[in-house]
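Read the structure below first, then the notes.
The first residue of the sequence shown is numbered 1, and numbering continues consecutively from there.
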Amino acid sequence: MKNKVVIFGEMLWDCLPSGAVPGGAPMNVALNLHQMGLDSELISAVGNDADGVKLIDFLKTFNLPLNLIQVSQSHETSKVLVDDSDKENIKYTIISPVAWDFIHWNAEMDEAVKNADAFVFGTLGVRNTESLSTLIKLLHYQVVRVFDANLRPPFYDFEVIETLLGFADILKINEDELEIFADYFNLDSNIETVCEYLDKHFPMDLICITQGSKGAMVYEKGKITSHLGYKVKVQDSIGAGDAFLSGFVKSYLEEKTIEETLDFACRIGAFVATQKGGTPKYDVTNIQLSSE
């Protein structure tokens with residue numbers, strides 16, 4: 001049987017100077033996992049508008065299930081203004097409020113999460129109390145709960161983050177976010193110190209730290225495993241971290257070693273960085289990387 005993963009949060013249009021492209025970390029993860037052969041479902045919402053129709057049509061081209069995506073009659077489809085002048089450091093202006101700020105709980109999504117192997121969630125999708133309330137109801141099932149920090153200033157709250165950390169089995173965080181965590185918890189910003197603190201105070205199994213072009217590492221029970229990543233010619237970094245997370249989740253559920261899991265995740269993340277946009281179509285068995 002295929003592993004089943006449910007993903008909760010935002011789906012949107014990334015409005016770049018060159019035009020609008022579909023985006024949102026949870027949607028990107030859902031599409032990557034689907035392309036990798038997993039049974040993935042996205043819990044999100046669009047507006048009852050032309051942008052919402054186009055976004056749903058886009059998902060249909062991947063044959064992603066749509067039954068957990070709500071259509072809001074009172075809020076518009078999400079848009080994000082993207083400044084990609086620095087390809088290694090994309091900047092985002094996220095419009096608020098939008099449809100996915102108001103995801104309401106229903107029995108169908110509850111059943112989907114209960115029967116999943118893993119449940120992926122982040123911070124941006126719960127910046128509004130209604131979506132946060134819905135997520136909290138879904139976090140009580142004993143599946144692999146993957147918390148993608150994905151901090152987007154000013155749309156995060158550390159009281160909420162601490163609540164979500166209390167449910168997380170796996171935390172995925174990047175180097176910049178790790179420094180923000182260190183500042184909040186009044187810690188030295190080195191990786192070992194922050195990971196030791198989080199491991200001691202929250203019931204997580206492992207922490208994955210992404211380091212952009214420098215690769216990634218995993219902290220597990222006091223041990224750090226590193227991968228130097230793949231050197232590629234970057235088209236843009238949009239979605240690379242989401243692809244990495246998708247690869248990590250796939251390999252983790254397949255019970256691969258940490259070394260194998262990191263290698264596969266880094267390979268997928270690097271490949272997506274060589275493509276335009278966050279959701280390129282690909283055959284996971286035939287990923288080609290062209291070096292710089």
What donor-acceptor contacts under 3.5 angstrom involve side-chain atoms of residues 147-157, with partners at least two apart or in another chain?
| from | atom 1 | to | atom 2 | distance (Å) |
| --- | --- | --- | --- | --- |
| Asn150 | OD1 | Arg152 | NH2 | 3.2 |
| Asp157 | OD1 | Glu159 | N | 2.8 |

Considering only distance and modelled atom types, tabulate donor-acceptor pairs under 3.5 Å from the side chains of residues 6-23, sequence neighbours left out.
| from | atom 1 | to | atom 2 | distance (Å) |
| --- | --- | --- | --- | --- |
| Glu10 | OE1 | Gly125 | N | 3.2 |
| Trp13 | NE1 | Asp51 | O | 3.0 |

* To do: Identify which one of Val29, Ile268, Thr210 satisfies the side chain to side chain contact (heavy atoms under 4.5 Å, CB included) criterion when paired with Leu245.
  => Val29
* With respect to Ile173, which candidate in Ile191, Val194, Ile207, Ile180 satisfies the side chain to side chain contact (heavy atoms under 4.5 Å, CB included) definition? ->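 By the side chain to side chain contact (heavy atoms under 4.5 Å, CB included) criterion, Ile173 pairs with just one of Ile191, Val194, Ile207, Ile180: Ile207.
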* Asked: Can Lys4 and Asp117 be said to form a side chain to side chain contact (heavy atoms under 4.5 Å, CB included), step by step?
  -> CA-CA 5 Å; Lys4 178 174 181 179; Asp117 296 294; 4.0 Å; yes
* **Test applied, ring pair (Phe, Tyr, Trp, His ring centres under 6.0 Å); reference residue, Tyr197; option that passes from Phe181, Phe185, Tyr184** => Phe185
* State whether Asp169 and Arg145 are salt-bridged, where the test is any N-O pair (Lys NZ or Arg NE/NH1/NH2 against Asp/Glu carboxylate O) under 4.0 Å. => yes
* Check side chain to side chain donor-acceptor pair (under 3.5 Å) between Glu220 and all other residues, then give those that pass, not counting sequence neighbours. => none
* **Contacts of Thr193 that satisfy side chain to side chain donor-acceptor pair (under 3.5 Å) - sequence neighbours left out** => Asn190
* To do: Consider only side-chain N and O atoms of Asn28 and Asp242, and report whether a donor and an acceptor are under 3.5 Å apart.
  => yes
Would you name the heavy atoms of [X] and [Y] that are closest together and state the gap between them?
X	Y	value
Ala45	Ala99	CB-O, 3.6 Å
Pro97	Arg127	CA-NH2, 4.4 Å
Ala30	Leu42	CB-CB, 4.1 Å
Leu68	Ala112	CD1-CB, 3.8 Å
Gly37	Lys2	O-CD, 2.8 Å
His227	Tyr230	CE1-CE1, 3.8 Å

* Asked: Would Leu135 and Leu164 count as a side chain to side chain contact (heavy atoms under 4.5 Å, CB included) if you check the C-alpha gap in whole Å, the side-chain angles of each, and the deciding distance to 0.1 Å?
  -> CA-CA 9 Å; Leu135 175 61; Leu164 298 181; 3.8 Å; yes
Other residues, nucleotides and ligands only: do more than 12 of their heavy atoms fall within 6.0 Å of [atom1] on [X]?
X	atom1	answer
Asp283	CG	yes
Lys281	NZ	yes
Leu81	CG	yes

Check whether [X] and [Y] end up in the same hydrophobic cluster, where Ile, Leu, Val, Met, Phe, Trp and Tyr are linked by side-chain heavy atoms less than 4.5 Å apart.
X	Y	value
Leu38	Leu66	yes
Val160	Phe158	yes
Leu228	Phe264	no
Val249	Tyr282	yes
Phe102	Met109	no

Evaluate the side-chain proximity of [Y] to [X]: yes if any heavy-atom separation is below 4.5 Å, no if none is.
X	Y	result
Trp100	Ile43	no
Met27	Leu64	no
Pro26	Val120	no
Thr93	Asp83	no
Leu138	Phe121	no
Gln73	Val71	yes
Ser189	Asp183	no
Asn3	Lys250	no

State whether the side chain of [X] and the backbone N or O of [Y] hold a donor-acceptor pair below 3.5 Å, judged by distance alone.
X	Y	value
Thr134	Glu130	yes
Ser131	Ile103	yes
Glu41	Ala116	no
Lys231	Ser213	yes
Asp199	Cys195	no
Glu76	Asp49	no
Ser72	Gly47	no

* Where do Asp101 and His75 land on the side chain to side chain contact (heavy atoms under 4.5 Å, CB included) test, with the steps shown first? -> CA-CA 9 Å; Asp101 284 313; His75 295 92; over 6 Å; no
What is the distance from atom [atom1] of [X] to atom [atom2] of [Y], rounded to the nearest 0.5 Å?
X	Y	atom1	atom2	value
Asn174	Lys172	CG	NZ	6.5 Å
Ser40	Leu33	OG	CG	5.5 Å
Ser251	Leu262	OG	CG	9.5 Å
Asp176	Gln211	CG	CD	11.0 Å
Glu255	Leu253	CD	CG	8.5 Å
Leu139	Phe167	CG	CZ	5.5 Å

* To do: Could you pull out all residues at least two apart from Lys214 that satisfy salt bridge (charged side-chain N to carboxylate O under 4.0 Å, His left out)?
  => Glu175
* Asked: Between His34 and Phe62, is the ring centre distance below 6.0 Å?
  ->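 No, ring centres 6.0 Å or more apart.
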* **Residues that Tyr141 engages under ring-ring contact (aromatic ring centres under 6.0 Å, His included), provided they are two or more places apart** => none
* Asked: When you look at Tyr219 and Glu196, which way does the side chain to side chain contact (heavy atoms under 4.5 Å, CB included) test go after all the steps?
  -> CA-CA 9 Å; Tyr219 177 96; Glu196 284 171 8; 3.2 Å; yes
